[in-house]
Structure formats: C-alpha cells, structure tokens
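Note sheet for the following structure.
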Amino acid sequence: MGMSEFYGDRNDEESAATLLRALDLGVTFLDTADVYGFGDNEELVGKTIASRRDEVFLATKFANLRKKENPDYWGISGKPEYVHQACDASLKRLGVDHIDLYYQHRVDLDTPIEETVGAMAELVKAGKVKYLGLSEASPATIRRAHKVHPITALQTEYSLWERHVEDEILPTVRELGIGFVPYSPLGRGFLTGAIAKPEDLSSSDSRTARYPRFAGENFDKNQVLVDRVRAIAERRGVKAGQLALAWVLSKGEDLVPIPGTKRRKYLEENVAAADVQLTPAEVAELEAAFPQEEIVGERYAAGSLKTIDR
C-alpha cells in the first residue's frame, strides 16, 4: 500500500527494486489491492513481477470505492455485479490471467455476504481466481461466508498494539481451518521505533490524520510502549520491528503477516525477523511491556471505524 499512497512520497523505481529483492530473498506472498493509489499499485506489482509470475502467490482485494476527482470519498460495494467488474479490472491492471487469493477488502453491510461470496465463487469457477479471502470480517460473517464457499484466509489487523482478534476472530478461523493474515503487524511502522515524533512524517503522509494513535498526545503516550520494546530488542541484539514481527510469528504457523515497506533496507530487516525465535518467557515479557490497556487512541478514525464489520 505504502508504495503507491498514504505513507509519503512515491518512488516507483525503489518500490520495484524492493519487490524483486523480496522474491530474491524467498518471499512468495505479495498482497495488493485495487484501491491503493487508485489502481496504480496493482499496475506496479503486475509490471514488476511479469517475468517471475510463477514465483508469486498473488493476492489483491476489492470492495472499497474511490473517486480520483474526490480522494476523500470512500464507499463499499459487495454487490455481485461489482465483484465481477472489479475482478476483471484487477486482472487487467495486474496483467495476469488469474489471481491466487481474492479478498473482499471490507464487508458491504448493505449486501448479504452470501451474495458477495456467491459471486466470488463464480470467479473461482471461471478460473479467474484460485482462493477466496475476507478482510476485517466479524466471526458471524466469516461463518456465513464459509458456508457458501470455502474461505482460505482472513486478513485483519494484528500486532503488539492491536490484539482484538484474539478474543473471537482467531478462535473462529482456527475452528474453520481458515488461515490468518495479519496486516500492519508493525503498527503502520510505529513499532519499529523509526518514527520518533509526528513531525518525522512528511506532509504527504496521512498517518496522523487517518490513525488517532499517531496524533497529538496519543503519539507520545504510545511511544513509551515502543521504547520498552526497543529496550528488549537491544538486549536481544535485534531491531524493535524484528522483535514485533517475531512476536506475531510466534502466535502460530497458520499466521502469515504482511509487513509493508517500500525500501529494500527495511524489507531485508523484516525478512530477517523470521530467524528471531522467541521463548515463551520472552513472548510474555513483550506482552507485559505492551499492555493493551495502556494503548491510547482508536486504531482508525471514526469515519473508517464505521465501515468495520463487528
């Protein structure tokens, strides 16, 4: 996502180099969406991996509606006819004949999930899509969807500073045999410790506006928690972000986190996190250092929270 929008200035050349470096390092799962950069990210990914398509398990998403002429507009559609239109548009931008994993990016609360997944199942039958996924879906919605067609993966935010999925969502997907894809496992970069103050983000970076935990006093209070993680990381001889990723990876082999980055330097740090093994005692120490009740601010601004299926 950050390669094409939201997280500061774009550098498509470095982004493409980062994608190719990921493949060289053995990363096989790439995740994009039609909404990132108004389709630009799909085009970037598709063009970059064209000669190495067989090395990639490619995921993209649909459902968020945006207008280039009005960037502040956001809508959601899970209507069957739109499912087909969105898939065809993504296939064209990606330059591929099939999508390995196709997610509904946000649940359309005005369209029965059975209708949306029914249309997605038609894409599987047509050979345009291999597997189906959901994002930010509630346990009840996941169950209803899974009855229509097997859901392969659920993508929802999960990290040291966002653990709501542990209560009901993770138990539900594990009961149903659905894989879990934690997005923002680095807390949108906050858990790396690389953002020391809001002013470190460029004027074209929307994190302070879109995510209350980055704003004002919330930032300073949350930074205290990150400082604790950094101290533990220094003792271990690793980066704070690597420790945060290792924590997510410690939660089970059915979790496949997707840390986003647009630079090779940080990609290499993230990949190396897979070699950081945590003992149960270290996991407990991290969780004690990052108590959920001390996190300040909602994970999304109020308008975005309204679109979350709960």
Side-chain angles (χ1 to χ4, degrees), residues 1-33 36 41 44-45 48-49 52 55-60 101 135 153 155-163 165 179-196 200-201 205 207 211 214 225-227 229-278 282-283 286 290:
M1 180 182 78
M3 290 180 172
S4 299
E5 198 176 4
F6 304 119
Y7 289 4
D9 298 334
R10 290 171 55 167
N11 182 335
D12 287 357
E13 184 178 347
E14 175 62 19
S15 293
T18 301
L19 289 167
L20 293 175
R21 179 63 177 148
L23 300 185
D24 291 341
L25 291 172
V27 173
T28 58
F29 183 31
L30 298 182
D31 179 285
T32 181
Y36 301 158
N41 194 251
L44 172 68
V45 171
T48 303
I49 69 167
R52 302 177 67 174
E55 298 176 47
V56 177
F57 186 87
L58 182 61
T60 192
L101 177 59
S135 179
Q155 180 176 144
T156 298
E157 185 175 358
Y158 186 43
S159 69
L160 270 171
W161 83 339
E162 187 50 59
R163 296 174 57 187
V165 301
F180 186 74
V181 179
Y183 75 80
S184 294
L186 293 173
R188 300 180 175 84
F190 201 93
L191 297 177
T192 66
I195 308 169
D200 287 341
L201 300 175
D205 194 306
R207 274 173 279 195
Y211 310 114
F214 282 84
L225 304 178
V226 175
D227 288 342
V229 174
R230 188 192 291 114
I232 298 171
E234 287 176 356
R235 195 176 74 228
R236 275 290 309 261
V238 299
K239 302 284 189 180
Q242 292 175 323
L243 200 61
L245 279 175
W247 178 85
V248 175
L249 290 166
S250 76
K251 294 300 176 175
E253 292 186 359
D254 55 341
L255 273 66
V256 181
I258 48 170
T261 184
K262 51 187 179 179
R263 298 180 182 89
R264 282 168 283 184
K265 171 188 173 183
Y266 297 123
L267 165 77
E268 290 166 358
E269 285 184 10
N270 292 343
V271 171
D275 296 324
V276 179
Q277 302 297 316
L278 300 180
E282 288 170 327
V283 170
L286 273 171
F290 217 104

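Since we're looking at a predicted model, the values are computed, not measured.
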key: Under 3.5 Å donor-acceptor, Ser250 side chain and Trp247 backbone   = yes

Task: Val56 and Phe29, any side-chain heavy atoms less than 4.5 Å apart - done: no

Taken to the nearest 0.5 Å, the spacing of Thr261 OG1 from Arg21 CZ works out to 13.0 Å

Nearest heavy-atom contact between Tyr158 and Val248 is O-CG2, 4.2 Å

**Worked verdict on Thr32 versus Met1 for side chain to side chain contact (heavy atoms under 4.5 Å, CB included)** = CA-CA 7 Å; Thr32 181; Met1 180 182 78; over 6 Å; no

Note: Leu23 and Glu55 closest approach over all heavy atoms is CB-OE1, 4.0 Å

| message | Are more than 12 heavy atoms, taken from residues, nucleotides or ligands other than Tyr183, located less than 6.0 Å from that residue's OH atom? | response | yes

The reported gap from OG1 in Thr192 to CG in Leu243 (rounded to nearest 0.5 angstrom) is 12.5 Å

- Message: Under 4.0 Å between a side-chain nitrogen and a carboxylate oxygen: does that hold for Glu268 and Arg263?
- Response: no

Full working for ring pair (Phe, Tyr, Trp, His ring centres under 6.0 Å) between Phe190 and Trp161
CA-CA 9 Å; Phe190 201 93; Trp161 83 339; 4.9 Å; yes

**OP:** Using a 4.5 Å cut-off on heavy atoms from C-beta on, say whether the side chain of Phe180 contacts that of Leu255.
**Re:** yes

Nearest heavy-atom approach of Ser159 to Ser184 is CB-O, 3.6 Å

What one should report as the nearest heavy-atom pair of Arg230 and Ala240 is CA-CB, 4.0 Å

d(Thr18 OG1, Asn11 CG) to nearest 0.5 Å is 8.5 Å

Should Arg235 and Glu282 be marked as a side chain to side chain contact (heavy atoms under 4.5 Å, CB included) after you check the CA-CA gap, both sets of side-chain angles, and the distance that decides it? CA-CA 11 Å; Arg235 195 176 74 228; Glu282 288 170 327; 5.8 Å; no

Taking the side chain as every heavy atom from C-beta outward, state whether Val276 and Arg236 have any pair of such atoms under 4.5 Å apart.
yes

Distance col, row Leu249:CG vs Lys251:NZ, nearest 0.5 angstrom, shows 11.5 Å

Heavy-atom nearest pair, Ala16 first then Leu44, reads CB-CD1, 4.4 Å

On a heavy-atom basis, the closest approach of Ala153 and Val181 is CB-CG2, 4.1 Å

* Asked: Are any non-hydrogen side-chain atoms of Leu160 and Val229 less than 4.5 angstrom apart?
  -> yes

For this session: Using a strict cut-off of less than 4.0 Å between a Lys/Arg side-chain nitrogen and an Asp/Glu carboxylate oxygen, indicate whether Lys262 and Glu14 qualify as a salt bridge.
Result: no

Practice task
Start with the C-alpha distance between Asp24 and Arg264, add both sets of side-chain angles, then the distance that settles salt bridge (Lys or Arg N to Asp or Glu O under 4.0 Å), and finish with yes or no.
Solution key: CA-CA 11 Å; Asp24 291 341; Arg264 282 168 283 184; over 6 Å; no

Separation between CG (Leu30) and OG1 (Thr60), nearest 0.5 Å, reads 11.0 Å

Rounded to the nearest 0.5 angstrom, the CG-CD1 distance for Asp31 and Ile258 is 3.5 Å

- prompt: Do any N or O atoms from the side chain of Gln242 and from the backbone of Asn270 form a donor-acceptor pair under 3.5 angstrom?
  reply: no

